[in-house]
Amino acid sequence: MDPRDISRRELLIQGSATLALLHAPWFAQAFPSRPGEEVVPWLDQPSANPSGGVVENLQPWENLASSFLTPNDKFFRVSHYDKPVIDEKKWNLEVTGLVKKPMTLTLPALKARPRQEVVFTLECGGNHGFPWFTSGIGTAKWGGTPLAPLLKQAGVMDRGTEVVFWGADAGVETVREMKMPQHFARSMSLADAVSPNNLLCYQMNGASLPQPHGAPVRLIAPGWYGIASTKWLNRIEVRDTRFMGRFMARDYVTIREEQRNGETEFVETSVGRTLLKSAPAKVTRKDGQYRIVGAAWGAPVSRVEVQVDGGPWRQATMDKSEQGKFAWSFWSVDWPNAAPGEHTVTSRAVDAQGNVQPATDAPIIAKKKTYWESNGQVARRIRLA
Ligand SMILES: Nc1nc2c(c(=O)[nH]1)N[C@H]1C(S)=C(S)[C@@H](COP(=O)(O)O)O[C@H]1N2
Ligand SMILES: [Mo]
C-alpha cells in the first residue's frame with residue numbers, strides 16, 4: 001500500500017486511532033527510504049549544548065528526518081524561564097484588556113469549542129545560529145481551537161491594535177538597572193492575531209500537549225518562528241500600543257547592516273515570520289549507491305537544489321506528501337559515482353516566486369550581526385568509505 005494514502009487518511013482520523021497510526025512501522029521509517037539502506041553519519045556533528053536547560057532535546061538531523069511528524073519525545077524544546085507544571089483543573093485562560101466582554105475559560109470550555117488541526121513545522125528563530133544549535137526544529141500535528149472566533153466573541157474595541165500572549169512562566173529581568181519579575185510574553189498585531197491559522201493548542205500529535213511544550217494550552221502561530229507560539233498560555237490581552245517586552249524588543253531582535261546613500265545603517269527588527277530554508281538531513285547508502293535526503297520549509301517551496309563539493313546545483317525530487325503549507329517538505333537526490341573521501345553537501349530551497357535561500361556570503365546573511373533568523377544555506381561535511 002502506498003504510505004501516502006494512509007498519510008492522507010490518517011489526517012482525517014482523530015483521537016487514539018491517530019496515535020496508533022503514528023506508531024505504525026511505515027511512519028517510523030525515512031520518508032523516501034529504500035529497504036535495507038544505512039545512514040552515513042555527518043562528520044560535522046553539533047558541539048555540546050551549553051544553554052543550561054534553555055534549549056533541550058535536540059536531535060541529530062540523521063534521526064530528525066526519519067519520520068515526517070517528529071515524535072513528541074523527540075521534539076526540541078526552548079524555555080527561557082521556569083517550566084511551570086500547571087494543574088489543569090485550576091488553569092484558566094483570561095481574555096482581557098481592550099475587549100467589550102472579558103472572558104475566563106476553563107480547559108473543558110476551551111475544548112468544547114470547534115476543533116482544528118494544523119501540521120506545522122516549528123523552528124526556533126535561533127536555529128543554525130550556533131554550532132551547537134542546528135536542529136531546533138520539529139513538525140507536529142497540533143490540535144486545538146482557533147483563536148479568531150474567541151477574540152470576536154470577546155469583542156475587541158476599536159482602539160485595540162495589539163494582542164499580547166502571556167505565559168505562566170516567569171523570570172527576573174534587569175532593565176535600566178531595575179530588577180523586575182516578568183512573565184514570558186509575545187505579541188502580534190490584531191490583524192496577525194486574527195489569522196484563521198492561529199490555534200489555542202491543547203494537543204500535539206494526537207496526545208495531550210506535553211508539559212514541556214506548554215501544557216495545558218499554548219498558542220500555535222503557523223508561519224511564524226517558534227518564539228511567537230507562547231507556551232503555558234494563561235492570558236490574552238488586547239492593548240492599544242506596541243508591546244515591547246524582552247522577546248519582542250530586546251531578544252529575538254535581528255540586527256542587519258544596511259547601506260543607505262553610501263552610509264552604513266544598523267537596522268533592528270523583531271523576529272517574526274518564518275524565512276525560506278532547507279537543510280541536508282542525511283546521506284543513505286544501499287548496495288553502494290548513495291542518496292542525499294533533506295527537508296525544506298519556512299515559505300512555499302517550489303524546488304530544492306543540492307550541491308556537492310561546490311559543483312553544479314542539481315534538482316532534488318520533492319516528496320509530495322501534501323501535509324499543508326505550514327509543514328516542511330522532504331526531498332531527495334541520488335548521488336551517483338560518489339567517491340570515497342570527504343565531501344561537502346549543501347542545499348538551497350527556491351520559493352514560489354523564484355527567491356533562492358541565500359548563500360552564507362550573501363549580504364542578507366553576511367551583514368546580519370545577530371544569530372537569529374539564520375536561514376542561509378546549510379553545508380554539511382561527510383566522509384564516505
Ligand atoms: N511561555 C513560553 N513560551 C515559549 C517559550 C518560552 O520560553 N516560554 N519559548 C519560545 C521559543 S523561543 C520557541 S522556539 C518555542 C519552542 O517550542 P517547544 O519548546 O514546544 O519546542 O516556544 C516558544 N514559546
Ligand atoms: Mo526560539
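As the structure lists them, so they are numbered: ligands from 1, and atoms in each ligand from 1. One-based numbering along the sequence shown.
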* **Reported CD-to-CD distance for the pair E305 and Q307, which is rounded to 0.5 angstrom** =>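 One finds 10.0 Å between CD of E305 and CD of Q307.
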
* Sort and list the pairs that fulfil ring pair (Phe, Tyr, Trp, His ring centres under 6.0 Å) and have at least one residue in residues 245-274, not counting sequence neighbours. =>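 Non-adjacent pairs meeting ring pair (Phe, Tyr, Trp, His ring centres under 6.0 Å): H80-F247, H80-Y252, Y81-F247, F184-F247, Y252-W372.
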
* Give me the one residue out of V78, V55, V271 that meets side chain to side chain contact (heavy atoms under 4.5 Å, CB included) with C124. =>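 The residue from V78, V55, V271 that satisfies side chain to side chain contact (heavy atoms under 4.5 Å, CB included) with C124 turns out to be V78.
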
* **Other residues, nucleotides, ligands: >12 heavy atoms within 6.0 Å of D158 CG** =>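 Counting other residues, nucleotides and ligands, CG of D158 stays at 12 neighbours or fewer.
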
* To do: Compare every heavy atom of T230 with every heavy atom of G167, then report the nearest pair and how far apart it is.
  =>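 Smallest interatomic distance, heavy atoms only, reads N-CG2, 3.7 Å.
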
* **Residue shell around ligand 1, heavy atom under 4.0 angstrom** =>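 Close residues (ligand 1, cut-off 4.0 Å): F75, F76, R77, V78, S79, H80, L122, C124, D169, F184, H213, R218, G226, I227, S229, T230, K231, W232, Y252.
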
* To do: Flag the pair C201 / L209 as yes when at least one side-chain heavy-atom distance between them is below 4.5 Å, and no otherwise.
  =>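 C201 vs L209: side chains touch.
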
